[in-house]
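As a basis for the values below, the full set of heavy atoms in this structure was taken, side chains included, without hydrogen atoms, waters or symmetry mates. Sequence lines set the chain letters: A, B, ... in the order given, protein chains first and strands last, and positions in each chain run from 1.
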Amino acid sequence: VEEIRRVVGPGAVITAPDRLLVYESDGLTQYRVPPSGVVLPGNEDELRRVLRLLAEAGLPFVMRGAGTGLSGGALALDGAVVVGTARMNRILAVEPDDRRARVEPGVVNALLSRASLAHGLVYAPDPSSQSACTLGGNVAENSGGPHCLKYGVTSRYVTGLRVILPDGSEAEFGGMGREEEGLDLVGLFVGSEGCFGAASEIEVALVPQPRGVRTLLALFATVESAGVAVTAIMARGLLPAALEIVDRETIRAVEASVFAAGYPTHVGAALVVEFDGLEEGLDEEAELAALLCRESGAEEVRTAATAAERTALWQGRKKAFGAMGRIAPDLLVQDATVPRSRLPQVLARIEEIGRRHGLRVANVFHAGDGNLHPNLLFDRRDPDELARVEAASGEIMEVCIEAGGTITGEHGVGVDKRRYMPRVYGPAVLDRMASVKEAFDPLGRCNPGKVLPDGYGPRWTGGGGAPAEEPDRSPERGTHPRRGSLDALLTRLERELSPGGLDAGGSAPRVLPRDEAEMAAVLRLAAEDGIPVQPVGRGVEGGAGARPEPGVLLLGTDRLTGTVEHAPDDLQVQVAAGVTLDGLAATLAGRGQWLPVDPPGGGRVSVGGVVSTGVAGPLAAGYGRVRDQLLGLTLVDGTGTPLVLGGRVVKNVAGFDLVRLATGARGGLGVVTSVTLRLFPLPARDRTLEREVPQGAALGELRGRILATGLPLAALEAVAVGPASGITALVRLQGSAEAVSAATRILEAATGPWDRALEDDASRARWAALSQGEAGGEILLRLGGLPSRGPERMGALLPLLQATGAGDAALHLGLLDGRLRLSLPAGGGGGASPEQVARLVEDLQGEGTQGSLRVVRWPSPRGDEGFRPPRAPSATDGPRARTRRLEEELLRRFDPRGILPGCRAPDAWRHGWASPTRGGTP
Amino acid sequence: MTGPDSHGLARALDAAESRLDHCVHCGFCLPACPTYVRLGDEADSPRGRLHLMRAVAEGRLEPAAPAFQDHLDRCLGCRACETVCPSGVEYGYLLERARAVARGSSPPDRATRLLLALVARPVLFRPWMALSRILRATGLPRLLLRRLPAGGVAGQLRFGLAMLEASGPARRVGRAAAPSTPPATPPPSPPTSVPTPAPAIGPRVGILTGCVQEGLFRRVNDATRRVLAVNGFQVVEVPGQGCCGALHAHAGELERARGMARRNIAAFEAAGVEEVAVNAAGCGSAMKEYGELLEEDPEWRDRARAFSARVRDVSEVVAGEGRTPVQGAPLPLAVVYDPPCHLLHAQKVEEPPLRMLAAVPGLRVLHPRDGEGCCGGAGIYALTHPELGGRIGGDKAKAIRECGASLVATGNPGCAMQIGAMLRLGDGGVDDAPEVCHPLELLDESYRRADLGATSDGSGVTPGRS
């Protein structure tokens, strides 16, 4: 204690029991446990030193932001010390050129948006507590909010993290421009409910503030008809920014309180619909939505003309919780998510449960996401009523799970919902979650007693520093001695697999499992024999076509095409991993929907391939990467155990986010057999504008002008192909006819006329061709980097194109995300030698630049030093090195025998090169 | 429980428990709280303090516990939390009751008691104020401010002197360029109402003259009389009135505050006024809550409610809903308007002061960053918590200086002295520190220049001298 006092100052350490009393609860006051102490570090350095001292003393701790959580996540169990971030509330930087901000964890959500507004940008996730909750808490809980229907939740916007791990060491995850580096630990950390350590610095992406907003309020006789209206609106291809419903009980509570919003109390439900975006087209969207509401039985539809009227329409929704605080002594805000189409039935069941237990239940929910918040009103001084609330809560959870939903959409598991976890996940998944927790926190000192149900994960036992359980000390991945031979394995597999499951015709043997069970058998047997397996998807992903390492078993997904379950009402699809993007698109288009994912290689890439590589294409700028569209997936891990991860709902924060961890892991954790994806309505119009840009500063200037418009763009790309040509800039606009033509007008006003406009089919064909472009070269590199530096970096690589003289040499730059792709013939036609390419790329991605490097394809070695592929600078110590060690630890837990070496440096590895980052022998 | 009165104390909070229950622990108040934002301790947040109150009410915490004593004591009482509370928790009400409970088990320090006792006794208070005025008039404080070192006992003396100095008139108001000179900024659209004094047929208005206000800011009271007269109100003298008792109520001395309330109610009733105009936000807030203060007194309850319903901030009287103030002559000045917490948060009076300032042509009104935040004055807070009050005040002074204007307007004597003192003590020094005035003084000066109301009330007091 004395040492900690010296670090943070005497005022920032609290130990007296009476002063600790206020830390006994967070936003969920049903649980009260005072901590053993409270420390309030004032900056990152103090936080690091405090956590190190706590580690040395072997004390458990829990991070706390504003204490607004509703699942008891910040409760200090097992004598934990609370480490509060309230004093770490500085916004470190807002960088409009990269549309990012860096903040300390104690920064209040709404204050970040306020600070960004000066640049016309906002931080999109807006949980209802945004005026109080902190970014650190948002990261821990993967917070949602009313507007995440259109914009997505926190994990889409957190781009990088600096983390103090429970042992006091420091690690860095991701960062803008480094998205493709290693495992998606940012995705794993977001939503980990403070169980993996403390975020000490957070990097987030900002989005342009929408230019216009339309809000309408529709009043219905029943919740069911409001639900019908929601489905009708979504089915028509509209994508509102928010779709919120309050029920009769809530309306009455609000109208009876000092916050009366003027909603009529006889109606059964009120639906708030909000659209945002360009001014043009908004009125049409709002009118169409109003019409659909009336057709669904709305007795009245109100619209807002001014900001004050808009506030008034929202009043009944936004003041709901406060109003309920005034009509009942206590309030339990429940949280669960169901597929949107199941809302009406589930609501009816909840009403019945409330009636049966004699409880008042008021519903407020994010209808667009299927995220329910039943509010149970009670008085905790009545023990009988308290018991009935408990029972009703449990039954509501059961109903939601039965309907294909999950136990929490945005509030987290915390301490409150641990007991329901086994209802959502099987033992295998819980076991992997526990083992991930152990990789971060082997002693269970970090936020003990949360998320995982009893019996799973390291449990803090109050011991003096010794682990409760000796962690797995199996040999390092990849160095495990082989036991069997590949031939023997093939013989065994032939018996296991259905006919056609074995393809021995190619340069290396390939197995083609037909379903999850066969996939499990392959991996289980390979693990037994210690034979390395290389997943190759449909053979077109990543560095396909390269010569495989001898002794490796190739694993294809060509036969994994069994299911495509499209649920158009829920805007989602469950699809087997081997289905190609083109095949999927054909199914979806029939119902006017699509998956906005366009990886290099185009539509021939399989769904499993794009998920496993996680590689982004141009559409990532407008829609996010494939990780942002993933709701769930089935992964068969390196032991042959199938793991059903995530779910079928848009918002799901039940347990650790293994979906994000598996995405982009390149088969290092296991093989994806099936995925559930979020879909979008097909845009009415698709327009691409093109113009030639002279080299040099012109591209950067054009980028700046386009960014300044704040227009919503589907894609913004710069492309150079062949030796002679200059740079072509391409903008892709999607949306209603009004919105697309308005966007064109605004764009041309800001940047002058464009050379060409491609409409609809022509536009789509242009981008499809561009996606194919990358597949050509023998040298194929992906370079991440800060978006603002993109034009400059592209300029530095252009001489390579000019030197090759080859027509298919190409450079692609994502102007909004900094993605740079280089595709070259291998020194043919008098071009640059691979050695020169490697040197140039290493200069570009050298120390001190924020960027990642992935070698997708590189010419086969001929014993010539000059053919060494470029290497990313690899830290041997410091936060990045700690991250690498953590990744190894995680991989080992999914693949203890080391049979899936593809993750870390898949392509270089296959060519016999030592991994640039692993440094070991292949 | 400790102390002889402990049972009654627990009951006091118990009676308030349904009001405590309104708090749903959402935490929206945290970022609005000046002490939480700076200290980061949950116990220094409104939610934390309510939690402590509830713990006392539930018998889980002794009222004498340091946590209850210190954290309640550290509250500024700015009530910014009430503005953002989605459940409408009446924090100010609860705070006063909780402080009464806290006092019952552990009396406050000697300085606080002395100060409160002084204010409550006109016999002692008036000479003190007179002495202060004389000291202020000598210019000695200003001189000493330049000489005295910043730290230690001298530092405290320095702060006291700065406050006294800050209570003086803002000379820049009177010295602003004459209307004939082209204004620094283009004048706004032409006046909408003709600037002629309305005949005195409006409501009968009594003015609370107050304790510190009459002692150190008599010029504001005089300006109030003139401005009300120009706007057609009948200004009625109210003999027998006294201090409003706000400081005592805030400190939990509820009984003493009740005595003061009864005396004022009787005085204003006897004068037969329709509206009570208050030019000090803290006093207005307390008087609007006399109804609650005396809710358990059957004899006075209804009278108190009726009285509170008549209390208005002076800006509401002049420029409230449906009232348009008479316009004066142009005053080419830039002024930073800083709303007092007890006006903005406690009384929810936001627009009227701005409408009042808008009646002065040529006046450019600026708003400081974090304008809705407290200045750290908070009654006697700046004296009882010099360090934290100084930090909060320092931030306010910085935000005001960032606006670049040389004048600040705020409608509360405590805020005026705190802001004025912090501006004098902060970077930039004593001499070019922005001066502080009451918004009403600007309107008054504008009227003076338009030759309005100079004789209407016969007070004969010229502005800029008190």
Side-chain angles (χ1 to χ4, degrees), chain A residues 11-12 14 16-29 32 38 40-42 64-70 82 84-89 106 108-111 128-134 137 257-259 318-331 333 379-381, chain B residues 17-33 35-58 60-72 74 81-90 348 369-370 387-388:
Chain A
I14 302 160
D18 58 327
R19 292 188 196 272
L20 292 172
L21 201 60
V22 296
Y23 291 92
E24 67 184 355
S25 293
D26 57 9
L28 182 73
T29 51
R32 292 173 172 182
V38 172
L40 304 167
R64 178 180 164 115
T68 58
L70 291 169
V82 163
T85 59
R87 291 172 65 221
M88 296 179 66
N89 56 4
V108 171
N109 175 305
L111 296 184
S128 299
S129 58
Q130 72 174 138
S131 66
C133 63
T134 63
S257 77
V258 289
F259 311 112
K318 296 214 161 164
K319 294 290 186 186
F321 293 115
M324 282 181 239
R326 300 203 47 129
I327 59 169
D330 292 283
L331 169 69
V333 187
D379 185 341
R380 85 182 109 86
R381 284 162 294 200
Chain B
E17 206 191 348
S18 66
R19 281 176 155 105
L20 277 172
D21 279 343
H22 290 169
C23 174
V24 295
H25 231 250
C26 71
F28 281 24
C29 51
L30 268 54
C33 178
T35 57
Y36 177 78
V37 166
R38 286 169 182 85
L39 301 171
D41 183 0
E42 173 80 21
D44 285 315
S45 77
R47 179 176 68 178
R49 292 181 183 118
L50 291 166
H51 199 85
L52 291 170
M53 291 179 207
R54 206 184 267 202
V56 168
E58 290 169 353
R60 297 200 294 143
L61 183 69
E62 297 288 324
F68 191 65
Q69 293 284 335
D70 298 351
H71 294 299
L72 286 184
R74 210 174 285 159
C81 47
E82 290 188 19
T83 299
V84 297
C85 179
S87 296
V89 172
E90 297 154 274
K348 307 270 180 279
R369 176 173 51 83
D370 197 22
E387 200 192 332
L388 189 54

For [X], is it the side chain, the backbone, both or neither that has a heavy atom under 4.5 Å from a heavy atom of chain B?
X: Ala66(A); result: both
X: Leu20(A); result: neither
X: Ser128(A); result: backbone

query: chain A: which of Gly40(B), Ala32(B), Ala55(B), Ser45(B) shares the most heavy-atom pairs with it under 4.5 Å?
result: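 Most heavy-atom pairs within the cutoff with chain A belong to Gly40(B).
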field: Leu39(B), part contacting chain A, at a heavy-atom distance under 4.5 Å
entry: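 Only the backbone of Leu39(B) comes within 4.5 Å of chain A.
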query: For Pro66(B), is it the side chain, the backbone, both or neither that has a heavy atom under 4.5 Å from a heavy atom of chain A?
result: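 Its backbone and side chain both get close to chain A.
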For [X] and [Y], which heavy atoms make the closest approach, and how far apart are they?
X: Glu90(B); Y: Glu82(B); result: C-OE2, 3.9 Å
X: Asp18(A); Y: Ala67(B); result: OD2-N, 2.8 Å
X: Val22(A); Y: His51(B); result: CA-CD2, 3.8 Å

message: Quick one, Arg54(B) with Glu24(A), criterion salt bridge (Lys or Arg N to Asp or Glu O under 4.0 Å). Give me CA distance, side-chain angles, the key distance, then yes/no.
response: CA-CA 13 Å; Arg54(B) 206 184 267 202; Glu24(A) 67 184 355; over 6 Å; no
message: Checking Arg49(B) against Asp44(B) for the side-chain contact (heavy atoms from CB on, under 4.5 Å) test, could you report, in this order, the C-alpha distance in whole Å, the side-chain angles of both residues, the deciding distance, and whether it holds?
response: CA-CA 7 Å; Arg49(B) 292 181 183 118; Asp44(B) 285 315; 3.7 Å; yes
message: Could you check whether any side-chain heavy atom of Leu40(A) comes within less than 4.5 Å of a side-chain heavy atom of Asp41(B), counting everything from C-beta outward?
response: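 A side-chain contact under 4.5 Å exists here.
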message: Which one wins on heavy-atom pair count under 4.5 Å against chain B: Gly27(A), Ser131(A), Gly69(A)?
response: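 Result: the option with the highest number of such pairs is Ser131(A).
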field: Between Met324(A), Arg64(A), Met88(A), the one whose heavy-atom pairs under 4.5 Å with chain B are most numerous
entry: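 Most heavy-atom pairs under 4.5 Å with chain B: Arg64(A).
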